[in-house]
There are 2 protein chains.
Amino acid sequence: MPKALAKTRIRVLLGSAFAIGPGKADLLQAIEQTGSISAAARSMDMSYRRAWLLIDTMNQCFRQPVVDTATGGKGGGGAQITPFGRLVLRRYRLIEAQAAAAIAHDIKLFTRELLRSR
Amino acid sequence: MPKALAKTRIRVLLGSAFAIGPGKADLLQAIEQTGSISAAARSMDMSYRRAWLLIDTMNQCFRQPVVDTATGGKGGGGAQITPFGRLVLRRYRLIEAQAAAAIAHDIKLFTRELLRSR
DNA sequence: AGGCGTTATATTCTGTTAAATATAACGACC
DNA sequence: GGTCGTTATATTTAACAGAATATAACGCCT
């Protein structure tokens with residue numbers, strides 16, 4: 001059984017859609033590393049369809065696309081994170097880190113003093 | 001259509017179970033105000049079963065029960081938040097507020113500059 | 001004793017979400 | 001022109017979550 005663990009999730013919403021959150025950020029990074037949606041999905045043990053849907057949502061929520069795709073061609077096509085996407089990712093990660101740092105101490109106390117030990 | 005909105009959710013996990021999060025915290029407050037699980041559930045437009053399940057999870061995750069219940073008796077019974085539950089709630093709200101304050105500025109920039117307007 | 005509103009719990013139904021499967025289109029490369 | 005792996009999308013199937021329903025137990029109160 002894993003140790004008691006505190007996680008902060010920051011999700012940015014646009015209307016009712018989740019523009020970005022932990023999962024989408026990870027997916028962006030996987031695309032950056034693999035160069036395709038399908039390879040990124042495989043590496044995250046996620047269905048291609050699900051990955052494609054997440055990217056589609058992001059591309060619709062942000063002012064500019066975060067991922068560029070190419071169908072056909074060398075290797076059958078591929079996908080790349082855009083410079084704008086890199087910016088989105090960087091700033092999201094920054095916000096995540098700020099929140100985590102701000103509560104780190106109190107979270108530690110909370111889990112130590114209040115949660116049942118496992 | 002609602003305006004672009006950023007929400008930070010802090011959920012504290014124990015093992016794989018969510019010990020506490022925004023919904024459970026609200027439920028605790030509703031019980032504090034109403035004095036019963038069923039009235040709290042009604043006030044939140046939630047099924048009694050669901051509310052009971054959430055409370056049960058909390059009571060199992062924390063070192064002490066956060067809610068005391070009584071079956072039968074005056075009014076059929078009822079439920080009260082324990083002093084320990086009040087402590088849990090207060091400290092959870094504090095953590096929530098700290099995280100929100102830490103990222104408020106950057107979240108504002110993020111939504112203004114990066115998100116598509118609605 | 002019987003009624004009442006609640007807690008506590010099991011079971012069934014239902015709707016939504018995710019997975020699985022299938023298929024078309026694409027364009028470089030051989 | 002055929003092959004390849006990918007994007008893009010539809011359709012079907014399965015899994016899960018939540019709602020709905022049902023019921024027992026409880027203890028005060030009239």
Side-chain angles (χ1 to χ4, degrees), chain A residues 9 11 13 15-24 26-62 64-82 85, chain B residues 9 11 13 15-24 26-62 64-82 85:
Chain A
R9 301 174 76 100
R11 304 212 273 192
L13 298 142
S16 63
F18 290 114
I20 192 168
K24 292 202 179 87
D26 289 348
L27 180 59
L28 273 185
Q29 285 187 307
I31 284 170
E32 194 172 22
Q33 288 165 2
T34 61
S36 88
I37 297 177
S38 61
R42 276 195 300 273
S43 82
M44 295 180 66
D45 199 35
M46 173 189 294
S47 72
Y48 169 83
R49 177 188 154 79
R50 178 161 172 69
W52 185 87
L53 247 30
L54 294 176
I55 290 165
D56 190 53
T57 303
M58 282 192 276
N59 281 342
Q60 286 175 8
C61 284
F62 288 100
Q64 296 175 35
V66 294
V67 170
D68 261 350
T69 60
T71 88
K74 165 176 156 256
Q80 282 189 334
I81 188 171
T82 63
Chain B
R9 301 173 76 98
R11 302 211 275 190
L13 298 143
S16 62
F18 290 116
I20 193 169
K24 292 201 180 87
D26 289 348
L27 179 58
L28 273 185
Q29 285 187 310
I31 285 171
E32 194 172 22
Q33 287 165 5
T34 61
S36 88
I37 297 177
S38 60
R42 275 194 302 273
S43 81
M44 296 178 66
D45 198 35
M46 173 189 297
S47 72
Y48 169 83
R49 177 187 154 79
R50 177 162 173 69
W52 185 87
L53 248 30
L54 295 176
I55 290 165
D56 189 52
T57 302
M58 284 192 276
N59 280 342
Q60 285 175 9
C61 283
F62 288 99
Q64 296 175 35
V66 295
V67 169
D68 261 348
T69 61
T71 88
K74 165 175 154 254
Q80 281 190 334
I81 187 170
T82 63

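Just so it is clear: chains get the letters A, B, ... in the order the sequence lines come, proteins before strands, and each one is counted from 1. Side-chain atoms are counted along with the backbone in the values below, which use heavy atoms only and exclude waters and symmetry mates.
Taking every side-chain heavy atom of B/Tyr48 into account, C/dT7 is the closest of D/dA19, C/dT7, D/dT7. Among the nucleotides D/dA10, D/dC26, D/dT7, the one closest to any side-chain atom of A/Arg49 is D/dA10. For A/Trp52, taking side-chain heavy atoms from C-beta onward, the closest of the listed nucleotides D/dT9, C/dT7, C/dA19 is D/dT9. For A/Ser36, the listed nucleotide lying nearest its side chain is D/dT6; candidates were C/dT7, D/dT6, C/dA28.
Between the CD atom of B/Gln80 and the C1' atom of C/dT6 there is a distance of 14 Å, rounded to whole Å. Counting to the nearest Å, the P atom of C/dT7 and the CD1 atom of B/Ile31 are 8 Å from each other. Separating the CZ atom of B/Arg50 from the C1' atom of D/dA19 is a distance of 11 Å, rounded to the nearest angstrom. Rounded to whole Å, atom P of D/dT7 lies 8 Å from atom CD1 of A/Ile55. Between the NZ atom of A/Lys74 and the C1' atom of D/dG5 there is a distance of 12 Å, given to the nearest Å. D/dT7 atom P lies 14 Å from atom CG of A/Leu54, rounded to whole Å. In this structure, the CG atom of A/Leu53 is 12 Å from the C1' atom of D/dA10, given to the nearest Å.
Annotation: salt bridge (charged side-chain N to carboxylate O under 4.0 Å, His left out) contacts involving residues 32-41 of chain B, sequence neighbours excluded, comprise B/Glu32-B/Arg86.
A donor-acceptor distance shorter than 3.5 angstrom exists from the side chain of B/Asn59 to the backbone of B/Val66, with no hydrogens or angles considered. Looking at B/Lys24, its side chain never comes within 3.5 Å of a backbone N or O of B/Thr57 through a donor-acceptor pair.
Close to C/dG5, at under 4.0 Å from its OP1 or OP2, lies no side-chain N or O of B/Arg42. For B/Ser47, a side-chain nitrogen or oxygen approaches OP1 or OP2 of D/dA19 to under 4.0 Å. In this structure, A/Thr69 reaches the D/dA8 phosphate: one of its side-chain N or O atoms is under 4.0 Å from OP1 or OP2. A sub-4.0 Å separation between OP1 or OP2 of C/dG5 and a side-chain N or O of B/Ser38 is absent.
If you check every strand for non-hydrogen atoms under 4.0 Å, A/Ala70 touches sugar and phosphate atoms only.
To the nearest 0.5 angstrom, B/Ile55 atom CD1 is 11.0 Å from B/Asp68 atom CG.
Scanning both residues, B/Ser36 and B/Ile31, for their nearest heavy atoms gives O-CG1, 4.1 Å.
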